[in-house]
Each structure stands twice: as structure tokens, then as C-alpha cells.
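Below is one structure, written out as C-alpha cells; the observations come after it.
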Amino acid sequence: MGSIRERLADALAGAVRAIGVDSELPDLELGRAKATERGEYASSAGMKLARVLKQAPQQIASRLAETIVVPEGAATVEAVGGYINFRLTPQWLQRLVTQVIAAGPSYGSDDIGHGERLQVEFASINPTGPMHIGHGRGAILGDSICRVLEFTGHDVQREYYVNSDNTQTRRFGASVYARLHGKEPPEGGYVGDYVTEIAEMARHDLPGIEQLLEEEAEPKLRMYAMQKIVEQIKATVARLNIRYDEWFWENMVWESGLGQQALNRLREAGYLKEKDGALWFGDPADVEEEDRVVIRSNGQPTYFASDLGYLLSRFEVRGFKRVIEVWASDHHGYVPRMKAAAAALGIDPAKLVIILHQMVNLKEGAARSAPTKMSKRAGRFVMLDELIDRVGSDPVRYFYLLRSPDTTIEFDLELAVTQSNENPVYYAQYAHARLANVEATAAEKHPRLPEQADVSLLVESWELDVARQLAFWPEVVEDAVRLLEPHRIPYYVQDLATAVHRFYHAGNEKGEHRVVVDDPNLTRARLELCRAARHTLKTALDLMGVSAPDRM
RNA sequence: GCCCCGCUAGCUCAGUGGAUAGAGCAUCUGCCUUCUAAGCAGAGGGUCGGGGGUUCGAAUCCCUCGCGGGGCACCA
């Protein structure tokens, strides 16, 4: 059924046809009105059509306002200048409350995906160290994107790609080997304390490992250490309410033969060539993009070669219609290469959607003016677990989700801890808890309330304001899923919570405006509004992976 | 040098080419005997980085310059 915004837009388009516009319609820009005096929605259709119709904007707007048939009598229409303003009617808002209750947790969940089978791969960090606060951003963003997609009728598989076969993991293995023998990690190795800890665990879990030569011991230590790290990553993401369906190990690409299969296909299609003893990928038709090594001169495949087989695994073996990858922006240069690789393999590059988010830099030391890049290798980072320990999962998720992926975050741990009490997550959760509490109070004072709510009793401005916010929820979901931008949700939650707090507060000002009053019918009507608002708050918080407590 | 992202209130940030640019925090002023004050009401605070351009209309699109972040490997 879609949002009321969408339905008004359809009605407007119909009216434009009815007044005789046959050509392709320009964007009529129906969107939220900025000032409430103008209603909830406005379109600049008068200006947009002035040229086509060769009439004054005001005249066109007036004709459209007279012609338009608004669905369900949802809004009154007014032409002002060349604008057309839509004001949602109290009657429609009242009925909406009932509809929200009837829809339950699915309110706002339009079936946009029609069961589209897709994969979201996110936060696939190298298994060479624990997650730090930078990784938390991609993990939380990816998880919320999954939640929004699932909510709107997509069949989502959540995947973590474990990069297990590469130079970095070999360096990691060598670092563990060095620590096992009480030595410093080699040049370019990993120096964090956790490396020593893993070496000590290995000493206990892998009897005799110390006696082996490095070339024998390193692969064993590497695999052992990676498994330890993956276990740790699993535990960390679980604390943040993040779920994965599959942990896909890179070595499977080669063990299943998909890596070779991808290379063979590219060779036959003319995308591979030998140079300097290595094997290179390049599109003969594209001189802009540089050639890339797939097999090194020492015979080892690069991560790029693994990615080729990995593409086949996902699009052909497992049959995903679309794959969404969430990457930190330091990988952005890799996007054209992946798209080119997909195209060369015969996969539509448009089906490979890559979402980039900007970095999280660490502000450290007394001089907070100098952000420092986090580095696992150098052991310079704030672990995600520490952040969760100190402020809790809900504020962490809310903190990250509030920011558009395009904004660089400069993270200050001390500031994050001191400000955690002011985290807006509590404002939203408090609104939920207040509603839950008032519903419980109503049940105590009125054990036998009418079954049906007479929503026409909801006439106060603060009551209709809550209903108005409920009307906006479906379009927030539409935008979040269309743009794959979950940060729209916490901003909506803030608005809905504000309406709820004002509604609640009206009862503090005057006893007769409380939810629980002597009149059972009025109580019942207001209770309906409470439930509708609470359910919508809970649904929105769920999409953020944030809890909705009944008590605070 | 080339590519990507950002620059909006004191701070952190929203903002589908439309009307008077918003929120949170911070500052200041009021409001709890009551369904939860983790709340509500109000005030101050802006050359939307600079300059051009397109448009009836630009924070939003284009060009250009500046500043900050990130890339440009036989690392991932």
C-alpha cells in the first residue's frame, strides 16, 4: 500500500493527467512541507508545469487542487502560489491509529523486495586481530541494512568473508611464531599484546609446537590464531546484537575449485596475460583501468584472485540476485576493479552494490587536535569490546547509526564515555518505557475497558501530533531501504519520541489530559494511540538493533 | 599529480532543486504532591568553506579555488 506520501504523489500525478498533460511528467517534488502551517506535504507542481502548460504557476496549482482526488480523504488540498499543500485530516489520522494497531509489528513494512534473494557481506575484517571501534561502524551499518531489507520483503543472507589466505595472515602467523619463542615480531608483523596471548594459548593447546621449525609451525599457528580471532569476533558482534548466517573462509574458494574456474573463464575471454613472471587481469577494451596481478610470480594468488572465485560462489553457485558489500572508504579504489572483474566474468556489475562508509579516526593523547589512524599491526586502536564495556551496546549502536556513512568520525573514547548519559538512545527508550508503564497503569485502573477504541475521541493537538508522526514512518522505511541509509531511522525515532513525550507531558500539566482517566472510552482511545506509538517505536528501534525496554 | 568523502549554530551532525535552513549537546529562563522530570516549555546563537555559473527558484546541480580525511602494491 505504501506510504501516504507515495499515495498523494500518485493522486497528484493522476490530477496532472486529468488537466491534460500528456507528455512525460517532470518530478513534481512532493515532499514534506517545512512549516506546519502549510500542512504536512507540499508539491511545487505549479512551477514545474508552467512551461509545459504555458500557464501561470498559481493557475495550474489551483486547477490541480480542484481536480485531485485524494485517497481515503486523507488530506485537504490548498493551492498557494504555485505550490500545492496537503494537510492530513484529523479523521484520517484517527483511523490511521487503528490501522497501525491492526498491522502490528509489520506497520511500515511494505513488500518492496518481493522475496529477492540477496546477500549482504559486511565487516569482513582480516582475522589478524580483534575488532576495533572502526570495524564497529561497518558491522553496525551492515547489520542495520540487513534488518531494513528483511523488514521490506527481501530474502537476506548475512555473510562474513574470512580472508584467510594472504600475506597479512602469513605475517600474523609469523608474529605468533616469534612471540612463542619470546622474540619480537618480524618487520611488518603484528605487535599487539593479543599476539603474545594467542602464542601462550597455542603453547598449551598445540603440544610440541615449539619444537617445530618455523616453516612447519607457522601454518599451524596461523590457522590456530585465526580461529581464535574469529571466535573473538563472533563474541564481539554478538554483544552488539549482530547476526551472521555464514562465515565464509577464503580458502574454500580454492578448495572448491571456483578460483581456478574463474581464472579459466577469464583466460578464455582474453582478460589474462603474463608479464614479469606473474599473471595479470586487464580489460583489453579499457585502457583507463590498470592491470592487476592475480597470480604472483611466486605462484601465490592475490586476494583479488580469491575475490574472482568468490564472485562465482555468490552469483552462480549460491544464486544471489544481488550482493551488497559494506566497505570502509579506504577500499574505495578497489570498487572499479571489482566491477570490472564481475563484468568480465559475465556478471552484471549493477548487481554488485558496494556501500562505502568513511573512516573512524582515533583522537588520542592530550593533544586531541591530532587524530590518529588506527592500526592493528601497530597495536594502536581502541577495541570495540572496551567501548561496549564502558557505554553499553545500545548507545554504541545509536552513536554509529546517527551518522551518515559519508561522514568521517573522529572518535574520542573519554568523550564518548562521559557523554554516554546524554546519548539520544535513552530519550527514545524512555518514551517507550513511559508508554509501557501507562498501559500497565490503565490495565490496573480499568480492568474492563471496551474492546473497540473510539479513535474519534483523539482530538487534542498533541494526540494528533503523535498520529501524524506515525503517518511518516512508512516513508522513512522507504527511503532507508531505497538509499540503503539506516541513519534516517534514528532521526525519525527522535521525532516520534518527541511527539510521545509531549503527549505524555500534557497529562502532567492537566489531569484530564492523562491517558488513564475516569472515562473508560476516552482511556481506551488514548490507550490505542499509546500502543500504536509504542509498537512503532519498538519496530524502529529493532531495525537499529537497539532494545526497547518497558522500564527504565 | 589523479580518484573518493567531507566543510551547515559554540560542539556533534540532519537536510528528496522549492516557500522563513533544522535536531541533539552546551549556555540562559521557567515547570515535579499527580500515568516515570532519562521529561516539558521558552531564549540566544547561521556570510550553509570562498568565488563563479545553470535555474522562475541552489545548502542541494555544474565549474573553480581553499582546508581536512582516505586511496592510488606481486598488502587487504
Side-chain angles (χ1 to χ4, degrees), chain A residues 5 27 29-35 37-38 42-44 47-48 50-51 57 80-83 85 124-126 128 163 166-169 171 188 275-280 290 292-298 300-304 306-307 328-336 356-359 361 371 373 377 399 402-410 415 419 421-431 433-442 444-445 475 479 482-483 487-488 490-491 494-495 497-498 500-502 504-511 514-517 523 526 530 551-552:
Chain A
R5 179 184 65 184
D27 183 358
E29 297 194 341
L30 187 139
R32 288 273 290 282
K34 275 188 182 151
E37 309 89 70
R38 305 195 195 100
S43 163
S44 47
M47 277 78 79
K48 293 290 178 193
R51 190 160 297 162
V80 182
Y83 296 97
N85 296 335
S124 301
I125 62 169
N126 266 335
T128 54
N163 282 98
N166 55 60
T167 310
Q168 294 302 338
T169 57
R171 280 180 187 161
K275 192 171 69 185
D276 304 331
L279 191 63
W280 300 68
E290 283 177 45
R292 302 291 168 179
V293 170
V294 284
I295 306 289
R296 300 185 180 92
S297 49
N298 66 8
Q300 281 176 349
T302 61
Y303 70 100
F304 181 47
S306 297
D307 279 342
S329 64
D330 55 352
H331 286 60
H332 92 268
Y334 193 47
V335 173
L356 295 165
H357 63 81
Q358 296 299 309
M359 309 299 286
N361 290 331
K373 196 187 170 194
R377 271 210 298 273
F399 172 81
L402 265 173
R403 280 157 180 80
S404 137
D406 289 338
T407 308
T408 305
I409 296 178
E410 276 165 24
L415 204 61
Q419 288 187 348
N421 287 338
E422 276 96 49
N423 191 301
V425 71
Y426 298 117
Y427 183 80
Q429 290 180 323
Y430 187 52
R434 277 179 138 182
L435 293 173
N437 186 65
V438 100
E439 288 170 47
T441 306
E444 274 174 38
K445 296 219 174 135
E475 73 199 39
D479 290 345
R482 179 173 52 87
L483 303 166
H487 74 273
R488 289 159 188 281
Y491 283 97
Q494 176 75 28
D495 290 343
T498 296
V500 166
H501 283 307
R502 283 180 184 156
Y504 186 94
H505 187 77
N508 287 352
E509 296 278 314
K510 249 183 155 180
R514 293 184 172 215
V515 173
V516 185
V517 288
T523 301
R526 288 175 179 164
C530 286
R551 296 206 159 274
M552 282 177 75

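Protein chains get the first letters and strands the later ones, always in sequence-line order, with residue 1 at the start of each. These values consider heavy atoms only, across backbone and side chains, with no hydrogens, waters or symmetry-generated copies.
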So what does [X] hit on the nucleic acid, given a heavy-atom distance under 4.0 Å: a base, only sugar-phosphate, or nothing?
X: A:Arg32; result: base
X: A:Ser404; result: sugar-phosphate
X: A:Tyr334; result: nothing
X: A:Asp276; result: base
X: A:Gly31; result: base
X: A:Ala433; result: base
X: A:Arg488; result: sugar-phosphate
X: A:Asn508; result: base

* To do: Not counting sequence neighbours, which residues clear salt bridge (Lys or Arg N to Asp or Glu O under 4.0 Å) with A:Arg5? List them please.
  => A:Glu478, A:Asp479
Results of side-chain hydrogen bond (donor to acceptor under 3.5 Å, both in side chains) for [X] - residues two or more places apart only:
X: A:Glu439; value: A:Arg534
X: A:Tyr427; value: A:Thr498
X: A:Thr167; value: A:Arg296
X: A:Glu422; value: none

* Look at the side chain of A:His331 and the base of B:A76, then say whether one donor and one acceptor between them are separated by less than 3.5 Å. => yes
* Asked: Does a distance-only test, which skips hydrogens and angles, find a donor-acceptor pair under 3.5 Å between the side chain of A:Tyr426 and the base of B:A38?
  -> no
* Look at the side chain of A:Val438 and decide which nucleotide, out of B:A76, B:C35, B:A41, has an atom nearest to it. => B:C35
* Asked: If you check the A:Asp330 side chain, which of B:A76, B:G39, B:G70 turns out closest?
  -> B:G70
Under 4.0 Å between a side-chain N or O of [X] and OP1 or OP2 of [N]?
X: A:Arg171; N: B:A76; value: no
X: A:Tyr430; N: B:A38; value: yes
X: A:Arg403; N: B:U12; value: no
X: A:Arg434; N: B:A37; value: yes
X: A:Arg51; N: B:C56; value: yes

Integer angstrom distance from the [atom1] of [N] to that of [M]:
N: B:C61; M: B:C25; atom1: P; result: 30 Å
N: B:A19; M: B:A58; atom1: P; result: 10 Å
N: B:A21; M: B:U64; atom1: P; result: 30 Å
N: B:U33; M: B:G22; atom1: C1'; result: 38 Å
N: B:U47; M: B:G70; atom1: C1'; result: 30 Å
N: B:C63; M: B:U20; atom1: P; result: 28 Å
N: B:U60; M: B:G18; atom1: P; result: 11 Å
N: B:G1; M: B:G15; atom1: C1'; result: 35 Å

* Asked: If you find the nucleotide of RNA chain B closest to A:Gly277 and the one closest to A:Arg482, which residue's nucleotide is nearer the 5' end?
  -> A:Arg482
* 5'-most contact on RNA chain B: A:His505 or A:Ser297, nearest heavy atom basis? -> A:His505
* To do: Measure from NZ on A:Lys510 to P on B:C35 and round the result to the nearest Å.
  => 18 Å
* To do: Can you tell me the distance, in whole Å, between the CD atom of A:Glu509 and the C1' atom of B:G42?
  => 13 Å
Going by side-chain contact (heavy atoms from CB on, under 4.5 Å), name the residues that satisfy it together with [X], two or more places apart in sequence or in a different chain.
X: A:Tyr504; value: A:Arg434, A:Val438, A:Asn508
X: A:Glu29; value: A:Asp27, A:Ser44, A:Lys48
X: A:Ser306; value: A:Tyr161, A:Glu250, A:Trp254
X: A:Tyr334; value: A:Tyr303, A:Phe304, A:Asp307, A:Trp327, A:Arg337, A:Met338

* Does A:Leu483 reach the side chain of A:Arg488, with side-chain heavy atoms less than 4.5 Å apart? -> yes
* Below 4.5 Å, heavy atoms only, C-beta onward: do A:Glu410 and A:Asn361 meet side chain to side chain? -> yes
* Structure fact -> With B for base contact, S for sugar-phosphate-only contact and - for none (protein heavy atoms under 4.0 Å), nucleotides 4-9 of chain B reads SSS---
* Contact pattern, 5' to 3', of nucleotides 18-29 of chain B - B, S or - by protein heavy atom under 4.0 Å -> BB----SS----
* Asked: Under 3.5 Å, side chain of A:Asp276 to main-chain N/O of A:Ala278, donor-acceptor pair present?
  -> no
* Syn or anti for B:C32, with syn set at within 90° of 0? -> syn
* Apply side-chain contact (heavy atoms from CB on, under 4.5 Å) to the pair A:Arg526 and A:Val517, showing each step before the final yes or no. => CA-CA 10 Å; A:Arg526 288 175 179 164; A:Val517 288; 4.0 Å; yes
* Output the distance between atom CG (A:Leu402) and atom CG (A:Asn423), rounded to the nearest 0.5 Å. => 7.5 Å
* Which stems does RNA chain B form, counting runs of 3 or more consecutive Watson-Crick or G-U wobble pairs with both distances under 3.5 Å? -> B:1-7 with B:66-72, B:10-13 with B:22-25, B:27-31 with B:39-43, B:49-53 with B:61-65
